[in-house]
> 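Pasting a structure below so you can have a look.
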Amino acid sequence: MITVLNVTDNAVKWMKEEFEPEANQGVNISVKYGGETQLKQGFSPALAVESIPDDSKIFDYDGINIFIKESDLWYFKDSELKVDVDDNDEISFAEK
């Protein structure tokens, strides 16, 4: 299971403004094939607004639900993931 999810205040603010999830939705951190940010070889995280499945790991950050589906938890196993956004609105994922 993911050890720690650290979403910076800047990233939370950005997600609220960019995604505007509705009451029954959250920001899904999913796993996609390829990409530049790789915690595990050949895969990288991605963000999308979706309804939250019952089997998800949910993190509440200042009223916004950020979640990882059960089927994607393998990617984050034993990781401390930091999610941030820079001044150019570029999201970054890093393992601490």
Side-chain angles (χ1 to χ4, degrees):
M1 184 89 52
I2 187 169
T3 306
V4 176
L5 179 65
N6 178 5
V7 182
T8 66
D9 291 342
N10 284 342
V12 170
K13 181 181 175 202
W14 181 87
M15 286 180 200
K16 285 181 173 182
E17 292 172 359
E18 291 295 315
F19 291 127
E20 300 176 3
E22 297 177 9
N24 63 338
Q25 296 180 319
V27 176
N28 179 20
I29 301 178
S30 62
V31 178
K32 67 177 186 169
Y33 183 74
E36 291 182 25
T37 304
Q38 297 183 356
L39 301 178
K40 295 203 174 23
Q41 186 64 31
F43 299 90
S44 59
L47 300 176
V49 172
E50 298 180 7
S51 296
I52 304 171
D54 291 336
D55 63 350
S56 299
K57 176 76 174 164
I58 302 170
F59 304 87
D60 183 339
Y61 280 91
D62 193 28
I64 188 170
N65 286 316
I66 300 171
F67 70 97
I68 302 170
K69 293 178 184 174
E70 177 72 30
S71 59
D72 288 333
L73 285 174
W74 65 269
Y75 181 79
F76 304 99
K77 184 178 179 180
D78 300 326
S79 297
E80 184 173 340
L81 182 66
K82 181 179 180 182
V83 182
D84 198 5
V85 64
D86 66 19
D87 293 337
N88 296 319
D89 291 338
E90 300 269 336
I91 286 285
S92 65
F93 300 91
E95 188 172 17
K96 291 178 90 179

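Computed over heavy atoms, backbone and side chain alike; hydrogens, waters and symmetry mates excluded.
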> I'd like to check Q25 versus I52 (side-chain heavy atoms, cut-off strictly below 4.5 Å). Are they in contact?
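Side chain of Q25 against side chain of I52, heavy atoms only: no contact under 4.5 Å found.
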> Measuring only between side-chain heavy atoms, which start at C-beta, is L73 closer than 4.5 Å to E70?
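Counting from C-beta outward, L73 and E70 do come under 4.5 Å.
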> Do NZ/NE/NH1/NH2 and the carboxylate oxygens of D62 and K16 come within less than 4.0 Å?
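Yes.
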> Under a plain distance cut-off of 3.5 Å, with no hydrogens placed, do D84 and T8 share a side-chain donor-acceptor pair?
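Short answer, yes.
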> Got W74 and V31 here, is their nearest side-chain heavy-atom distance under 4.5 Å?
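Yes, close enough: below the 4.5 Å cut-off.
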> Applying a strict under-4.5 Å side-chain criterion to I, L, V, M, F, W and Y, I'd like to know whether V83 and V49 cluster together.
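Shared cluster, yes.
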> Check whether any side-chain heavy atom of K69 sits under 4.5 Å from a side-chain heavy atom of K57, and report yes or no.
no
> Less than 4.5 Å apart, side chain to side chain, heavy atoms only: is that true for L81 and N6?
no
> With no hydrogens and no angle check, is any side-chain donor or acceptor of E17 less than 3.5 Å from a backbone partner on W14?
no
> How about D86: does its CG atom have over 12 heavy atoms from other parts shown lying under 6.0 Å from it?
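Counting neighbours around CG of D86, more than 12 heavy atoms of other residues, nucleotides or ligands fall under 6.0 Å, so yes.
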> Do other residues, nucleotides or ligands put more than 12 heavy atoms under 6.0 Å from K82 NZ?
no
> Under a 4.5 Å cut-off applied to non-hydrogen side-chain atoms, are L47 and I91 in contact?
yes
> Which heavy atom of K32 sits nearest to which heavy atom of P45, and what is that distance?
CE-O, 4.3 Å
> Quick one: are F59 and N65 in side-chain contact, heavy atoms under 4.5 Å?
no
> How far apart are the closest heavy atoms of S56 and F67, and which atoms are they?
OG-CD1, 3.5 Å
> Cation over ring, K77 on Y75, under 6.0 Å and within 45°?
no
> Is any side-chain heavy atom of I66 less than 4.5 Å from a side-chain heavy atom of I29?
yes
